[in-house]
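Hydrogens, waters and symmetry mates are skipped; everything else that's a heavy atom, side chains included, is used. Numbered from 1 within each chain, the chains take letters A, B, ... in sequence-line order.
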Amino acid sequence: MIDFFSQPTNLWFVVIAFLTLIASLGVVAGEKVMHLALNLGGSFAGVAALFVLLQSPFLAIAQVLIYVGAILVMILFGLMLTGAHATEPTGVETGKKVTVATAVIVLTALTIWGVYGSAGRWPVVPSGLDTSLTALGQALYGHWGVAFEAASTLLLAALVGAIVVSRREDDEA
Amino acid sequence: MALRTEELTFSLGPQHPSTHGVFRAMVTIDGERVVHVDPVIGYLHRGTEKIAEWKTYPQIIPYTDRMDYLSAMLNNYCHVGAVEKLLGLEIPEHAEYIRIIVMELNRIASHLVWWGTFLLDLGAMSPFLYAFKDRQVILDLLEEISGARLTYSYMRIGGVKRDATQEWLRRVDDFMDEMVKNIQGYNNLVTGNEIFQSRVKNVGVYDEAFAKRWGLSGACLRCTGNSYDVRKSDPYSLYPKFDFEIPTRTSGDVWARYIIRIEEMLQSIRIVKQAIRNLPDGPFMGKAPRNIRPPKGEVYFHIESPRGDMGCYIVSDGSDHPYRWHWRAPEFANLAAFPAITEGVNIADMIAILGAIDIVLGGVDR
Amino acid sequence: MDDEQHTNEHDESSDTKREEKPSERPPAGEAVGDAQAPAGAPHPESAPTPEAAREASQQRSGRLPESSTSPTTPTSPPAKEGEKQPAAAGSARPAGGARPAPRGAAAPQVPTWIDLEELKRLLGEGVEAVENQWGTPVVTVQADQLLRIAEKLRDDERFRFDFLTTMTAVDWRSYLETVYLLQSYEYPTHHLTLKVSHLDSDNPRVPSVTGIWEAAGWPEREAYDLMGIYFEGHPDLRRLLLPEDWEGHPLRKAYDYID
Amino acid sequence: MLLNLTGLLTAPFTWLNLLWMFVEVLVMLVIILIYVMAALYGERKILGHIQLRPGPNRTGPGGVLQPVADVIKLLFKEDVIPAEADVAVFKIAPVIAFVPSFMTFAVAPWAPNVLFTDLNVGVLYFTAVTGITTIGIVSGGWSSGSKYPLLGGMRGAAQLISYELPLVMSILGVVLMAGTANMAGIVEAQQKWWFFFPQILGFVAFFISVSAEMNRTPFDLPEGESEIVAGYHTEYSGFRMALWMLGEYTYIFADGLLCATLFFGGWHGPWLPGWLWLLIKAMIFVFLAIWTRGTLPRMRSDTLMVFAWKFLLPLAMANLIITALVKAAIAGWF
């Protein structure tokens with residue numbers, strides 16, 4: 001443990017991780033929807049900072065660009081369009097809270113078991129990987145080309161599906 | 001795609017940058033789309049009609065200044081003209097020419113204020129200051145002849161308060177030449193601008209039938225192709241002697257109203273220049289009785305104000321003050337159609353439409 | 001009945017909620033009946049208006065316009081007026097609610113654009129009087145014929161009065177009068193003044209002409225606001241210039257404007 | 001002198017290093033504050049001259065102390081928080097909006113090897129950080145508990161989402177040409193000629209979308225005065241208002257730096273030192289922003305959207321495709 005903190009990066013990691021956790025807790029425990037959204041933004045930003053510490057600036061920037069710059073803004077935009085509901089407490093029932101908390105604990109346990117229990121079985125990515133744009137582009141469109149396109153199609157399908165669903169609701173109204 | 005969204009009602013004014021004074025509108029919007037507008041007026045209501053019942057006819061003149069304060073000369077004339085019609089007074093030609101000069105100068109000044117504030121509504125800052133610079137020259141000229149910058153009280157029953165000097169007329173004439181160039185400058189700055197045109201073209205469109213139903217007048221009517229202008233259609237004063245045109249457009253949108261007002265300024269300049277050239281000699285005050293007691297009866301006299309058809313309805317009981325004195329403010333009638341024009345438009349368009357109506361709350365509320 | 005109307009009237013003046021308006025207003029027929037008195041005849045002051053009811057509501061509203069039926073209690077404004085010009089005072093306040101003596105006696109007779117007899121014939125029944133006022137025909141009609149005549153004036157080829165310049169009201173102390181100043185976009189030199197006279201000061205009701213000229217909307221609201229005239233069938237009869245909780249109607253001659 | 005922030009982050013954690021980080025940031029902050037004062041003064045004077053009036057001329061010689069007086073006034077003003085406001089969000093919103101504008105300076109290449117952090121994906125960092133400001137605007141508009149700020153916040157969100165895409169697309173053309181997303185690398189790639197010439201389409205798209213991102217006329221809809229009073233910062237006063245203004249003016253500067261770096265050869269230029277060249281180019285951009293404010297009316301929200309999605313985005317994408325094709329063709333040729 002002593003040698004963990006001797007590295008400055010690790011100290012930063014602890015600080016940022018702590019802040020990210022607080023923000024994430026805020027997302028779960030907050031009262032107003034708007035506050036939840038802002039806390040979500042905080043946890044996104046925290047994750048981005050962790051990526052910086054892991055020497056992956058591109059991932060960090062993508063995190064900010066997509067999650068903070070686009071998704072969160074869309075969420076906020078949606079909240080504002082719904083007007084009054086954003087200002088009211090969410091009012092989740094206690095039963096649901098218990099269920100969610102149980103699920104979270106179980107999932108966390110599973111993750112910890114997965115990481116530590118499987119130590120050594122999975123290949124560890126060597127550090128010093130080429131994270132330049134050229135390398136990234138070649139990996140995305142070359143080696144992982146099929147997977148990338150499949151993911152794109154899935155997202156597109158989800159998008160179209162969302163529109164269809166919202167339209168049907170609209171017709172019923 | 002029609003998304004279900006929540007409607008929002010907010011109060012536009014009375015303290016709002018684009019309501020030109022104290023107009024207030026309860027606006028219900030859905031996103032950026034205006035669902036319903038309910039104008040609330042009366043913040044500047046001073047009961048002029050009630051006051052007028054307690055004042056003698058000449059005493060009313062200063063109160064007319066304070067109604068549509070951007071066209072005080074024309075307000076003066078409308079009241080004075082109505083009383084003169086009641087009395088059957090003959091006005092010396094010289095006085096009538098000077099009246100036309102100051103009225104048309106006032107019309108230009110009023111249109112300049114409209115031009116500047118309208119563009120301010122559209123988010124352009126600079127035109128406002130350009131317009132006010134030129135307007136200041138006109139206000140100085142009018143101040144010189146009447147003694148006041150805005151509330152002139154220059155007209156008298158039977159004539160005007162003071163005669164115009166030759167020097168003053170020369171300066172007015174010079175400024176009119178300069179003004180033609182300045183208006184060209186305005187056109188260069190704004191009229192051809194792509195963004196400006198996208199903001200005003202096909203915005204707030206209505207047709208002639210709509211305008212007639214709502215009793216619109218002025219540029220708000222002439223933008224639909226109707227050429228109704230009291231100066232030509234139902235002439236008063238000496239306007240038949242002058243050579244000028246009534247600009248009209250047929251598109252019925254804000255753009256048409258804009259162009260018409262720009263062209264009206266040029267026509268007013270023409271009238272002023274003609275009046276100065278043909279100014280006959282004579283007294284500036286006719287033979288008006290000292291104690292003005294019109295005969296019993298009622299009279300309606302109307303003129304073309306910068307904002308449209310302005311009228312004064314007087315019921316006389318034979319005494320020296322009116323029994324009933326009613327004012328037809330053109331902007332009052334034009335503003336009444338505002339909710340009907342704005343239903344379903346964008347917030348920004350609503351502001352443009354409101355600006356193009358050219359309201360002066362002093363006139364609307366009276 | 002009248003008592004009930006009376007209370008209604010004052011409830012309405014403070015009540016501005018649009019949707020409640022039409023239902024609260026009494027049926028049109030009853031009110032028009034009051035205004036149907038022939039021209040020149042004394043105003044129907046014999047209408048059973050209990051003094052008690054008026055006084056009661058007077059106390060409530062505080063500024064109820066002085067009624068013409070109580071000449072024994074002159075209010076302060078006319079008194080002032082009388083001091084200033086005793087000569088004119090008599091004509092300013094026509095006694096007994098009669099129409100003032102034929103006006104325009106001293107006025108120059110400018111020919112109008114139409115012969116008055118012909119105008120009367122064209123407009124048909126319901127016309128009470130036709131005058132020439134400085135070249136403008138002034139037509140006084142019965143309230144129940146107003147809409148028919150207005151529509152005729154707007155649509156008839158001879159008239160085409162499609163431009164209601166403004167609409168206002170005059171308080172002749174013993175009765176009220178609504179005035180419609182008409183013009184034509186087609187024949188702009190033609191003017192015509194349409195009037196409905198002899199409205200009961202306590203409960204003046206006139207059919208609204210908003211269905212004929214939409215331009216009448218705001219002027220009628222103004223007349224309702226400042227003169228207290230009820231326009232039956234007006235889609236949105238609320239106070240226009242004054243605050244919603246204002247009491248009384250300031251343009252009435254008997255309005256006590258001292259706070 | 002390589003002021004490398006990431007270097008400091010990974011460097012041994014000593015108090016000295018921490019002190020250095022703070023000193024660097026402080027120096028930059030002071031520079032920006034001085035710039036903002038100058039920009040405020042410059043804007044008033046330039047607008048004054050455009051509008052045929054003298055502008056500020058009372059405080060100090062030629063009115064140069066006017067911005068100082070303004071700042072003092074703002075700082076001493078009563079801090080008003082509306083009763084309906086969501087206090088926590090209301091207080092933090094201007095900070096969320098301002099901090100990213102300041103963060104953009106981390107990647108600004110002043111001269112060869114004079115930059116805070118030599119980030120590999122500096123350009124993307126710039127656009128990513130800019131996006132955070134939107135959250136400040138939206139939450140500021142929402143938290144005021146008033147309707148005009150709400151409308152302004154919504155407009156701001158819609159506008160920034162719409163213009164972020166053409167902005168990134170137009171920048172990608174430059175990245176493709178330079179073969180790197182590193183700010184210094186892009187400047188070095190412009191040794192021979194500025195990217196302004198081959199990337200003229202991209203520049204048009206970039207300039208328009210960057211003006212929209214700055215919320216300046218003709219795209220100042222989120223604070224469109226004649227429509228929604230002052231938009232998202234209607235309810236702000238005093239120091240928090242100063243933060244909003246600070247953010248707005250800092251963005252003009254930052255975007256000027258970005259524009260000069262991407263299209264006008266950054267520090268390249270004869271005779272003068274590199275950092276001065278960059279500053280001059282950025283200031284020309286600032287002047288342009290003020291000039292458009294003095295000349296143009298405001299756009300309408302729907303035309304703004306149509307313009308972004310139907311004109312700017314296709315334009316930027318066309319530029320990107322043309323750039324890619326030309327580059328591939330040239331690469332194949334040689």
Side-chain angles (χ1 to χ4, degrees), chain A residues 5-13 15-16 26 30-35 37-42 44-45 48-49 52-81 83-84 86-87 130-137, chain D residues 5-6 8-14 17-18 84 86 88-89 92-93 96 100 103 107 117 119-139 141-143 145 147 149-151 153-158 160-161 164-165 168 172 175-176 179-182 185:
Chain A
F5 284 106
S6 66
Q7 271 197 308
T9 322
N10 287 353
L11 188 74
W12 285 119
F13 173 82
V15 172
I16 293 169
E31 278 289 298
K32 290 183 182 173
V33 185
M34 192 73 182
H35 291 180
L38 287 177
N39 276 317
L40 191 64
F44 284 156
V52 170
L53 285 185
L54 290 171
Q55 306 273 321
S56 312
F58 182 78
L59 270 184
I61 285 159
Q63 171 85 11
V64 173
L65 196 65
I66 294 166
Y67 284 95
V68 182
I71 291 180
L72 185 61
V73 173
M74 285 305 280
I75 291 173
L76 290 178
F77 194 66
L79 286 185
M80 292 180 98
L81 276 180
T87 58
D130 186 6
T131 54
S132 74
L133 278 188
T134 325
L136 202 78
Chain D
L5 200 68
T6 39
L8 276 175
L9 269 182
T10 47
F13 182 72
T14 59
N17 273 342
L18 200 65
E84 290 283 305
D86 186 315
V89 183
I92 199 116
I96 298 177
M103 281 165 74
V107 291
T117 174
L119 202 59
N120 221 348
V121 281
V123 179
L124 290 180
Y125 167 84
F126 196 104
T127 50
V129 162
T130 316
I132 301 176
T133 299
T134 318
I135 295 175
I137 289 178
V138 175
S139 46
W142 174 83
S143 64
K147 283 166 184 174
L150 190 70
L151 284 172
M154 267 161 67
R155 281 181 169 197
L160 278 111
I161 288 174
E164 190 110 331
L165 270 173
V168 174
L172 281 185
V175 172
L176 209 59
T180 173
N182 181 311

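For CZ of F44(A), the number of neighbouring non-hydrogen atoms (other residues, nucleotides, ligands) closer than 6.0 Å is greater than 12.
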Report task. Starting from the C-alpha separation in whole Å, work towards a yes-or-no answer on side chain to side chain contact (heavy atoms under 4.5 Å, CB included) for L72(A) and I135(D). Result -> CA-CA 8 Å; L72(A) 185 61; I135(D) 295 175; 3.2 Å; yes
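Between the CD1 atom in I92(D) and the CG atom in L38(A) there is a gap of 9.0 Å [rounded to 0.5 Å].
Closest heavy-atom contact between V64(A) and A128(D): CG1-O, 3.5 Å.
Heavy atoms closer than 4.5 Å to chain A are found in both the backbone and the side chain of A158(D).
Side-chain contact check for V73(A) versus L160(D): every heavy-atom pair is 4.5 Å or farther apart.
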